[in-house]
**Q** 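Sharing a structure here in structure tokens format.
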There are 2 protein chains.
Amino acid sequence: MLAYGVRVGDVFKAIADETRRAILDELAERDEQTLFEICGRLAVGHGLASSRQAISQHLEILEDAGLVRTERRGRYKYHFLDTAPLQLIISRWPRPEENNHAD
Amino acid sequence: MLAYGVRVGDVFKAIADETRRAILDELAERDEQTLFEICGRLAVGHGLASSRQAISQHLEILEDAGLVRTERRGRYKYHFLDTAPLQLIISRWPRPEENNHAD
DNA sequence: ACCATACGCAAGCATTTACTTGCACGTCAA
DNA sequence: TTGACGTGCAAGTAAATGCTTGCGTATGGT
């Protein structure tokens, strides 16, 4: 269920960075944000002091990985979280047999 | 449920590399392998021609991330897959609402 | 004891990555 | 149109990363 142009490795590399994980956390907490909103809320809520350009580049990587979808309205660009690509990670390797202690 | 000394970012960075994901695939397919066995089976089954030292360093990173556990017997060191740390990724962000088409 | 085997350590190198810097483009209000 | 605002683009830099190379250590067979 991966969108066209999204390579598998992109998803893994996208979530390998701490700042990008914080961005996903932010969008999970509050969807539909502009670049400036994300910058501000990251600085306040997550203690990250990244520049606008840095966040912009991170968002581009997340979008390429299919983890963030965007929608342009006028001069604003809104960002939405899409966790569907994470299913790749969940389904790739077997679940730990955590119920071995029973029976 | 993370072992001591394992940082969150280590797990994400560990699976960000394609070779390391192939190693996890290999151990999922066949657990309890030595370094040389992994090298050989990676070359044959996954078309990867990585050197022993390269694989060794990857295994160290995977072990630091808690994704691989080891057991030494004589001069052999056996490697085991442990997918428990992956629960971090699964539980961190909300699941996609894929059942919106229903109802 | 000897040597081969299985693995570990550490320095060096090339590529990748995250970030900055400076400028450019499109949108909206006056 | 003018200017401010929100965003995009691209070159340059410093750090991280993956890999190689060479040597070192411990175990086991003969």
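Here is the naming used below: chain letters follow the sequence lines, and residue numbers restart at 1 for every chain.
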**Q** Side chain of H58(A), heavy atoms from C-beta onward: which of dG18(D), dC7(C), dA18(C) has the nearest atom to it?
**A** dA18(C)
**Q** Rounded to the nearest Å, what distance is computed from the CD1 atom of residue I61(A) to the P atom of nucleotide dC9(D)?
**A** 14 Å
**Q** Quick check for you: among dC9(D), dC19(C), dG6(D), whose closest atom lies nearest to any side-chain atom of F36(A)?
**A** dG6(D)
**Q** Measure CZ/R72(B) against P/dT25(D) and give the value in whole Å, please.
**A** 15 Å
**Q** Picking from dG18(D), dA11(D), dG8(D), which would you name as closest to the side chain of Q57(A)?
**A** dA11(D)
**Q** Would R41(A) and E29(A) pass as an ion pair if we require N to O under 4.0 Å?
**A** yes
**Q** For T19(A) and for Y78(B), find the nucleotide of DNA chain C with the closest heavy atom, then tell me which residue's nucleotide is more 5'.
**A** Y78(B)
**Q** Rounded to whole Å, please give me the gap between CD in E71(B) and P in dA6(C).
**A** 18 Å
**Q** Side chain of A54(B) only, please: which of dC19(C), dC19(D), dT7(D) is the nearest?
**A** dC19(D)
**Q** In terms of the nearest nucleotide of DNA chain D, which residue is placed more toward the 5' end: H79(A) or A49(B)?
**A** H79(A)
**Q** When the distance from CD1 of I55(B) to P of dC19(D) is rounded to whole Å, what number comes out?
**A** 8 Å
**Q** Quick check against the 3.5 Å criterion: does S91(B) have a side-chain atom that pairs as donor or acceptor with the backbone of Q87(B)?
**A** yes
**Q** Is a donor-acceptor contact shorter than 3.5 angstrom present between the side chain of R73(A) and the base of dG6(D)?
**A** no
**Q** Indicate, yes or no, whether a donor-acceptor pair under 3.5 Å links the base of dC5(D) to the side chain of R75(A).
**A** yes
**Q** Distance check needed: dG8(C) P versus R52(B) CZ, whole Å only.
**A** 8 Å
**Q** With the side chain of Q53(A) defined as its heavy atoms from C-beta on, choose the nearest nucleotide among dC7(C), dC9(D), dT7(D).
**A** dC9(D)
**Q** From CG of D64(B) over to P of dG8(C), roughly how many Å is that when rounded to an integer?
**A** 12 Å
**Q** For a quick test of reading the model: is some side-chain N or O of S51(B) closer than 4.0 Å to OP1 or OP2 of dT20(D)?
**A** yes
**Q** For Y78(A), does the six-membered ring have the charged nitrogen or CZ of R72(A) within the cation-pi criterion, i.e. under 6.0 angstrom from the centroid and within 45° of the normal?
**A** no
**Q** Under 6.0 Å from the six-membered ring centre of F36(A) and within 45° of its axis: does the NZ or CZ of R52(A) meet both?
**A** no
**Q** Would you say a side-chain N or O of S56(B) is under 4.0 Å from OP1 or OP2 of dG8(C)?
**A** yes
**Q** Within the distance-only criterion (no hydrogens, no angle test), does the side chain of R20(A) pair as donor or acceptor with the backbone N or O of I15(A) below 3.5 angstrom?
**A** no
**Q** The side chain of R20(A) lies closest to which of these nucleotides: dT20(C), dT17(C), dA18(C)?
**A** dA18(C)
**Q** Rounded to whole angstrom units, what separation is found between the CD atom of E18(A) and the P atom of dT17(C)?
**A** 18 Å
**Q** Expressed in angstrom and rounded to an integer, what is the separation of D10(B) atom CG from dA16(D) atom P?
**A** 14 Å
**Q** Under 4.0 Å between a side-chain N/O of K77(A) and OP1 or OP2 of dG8(D), yes or no?
**A** yes
**Q** If the threshold is 4.0 Å, N to carboxylate O, is there a salt bridge linking R73(B) and E71(B)?
**A** yes
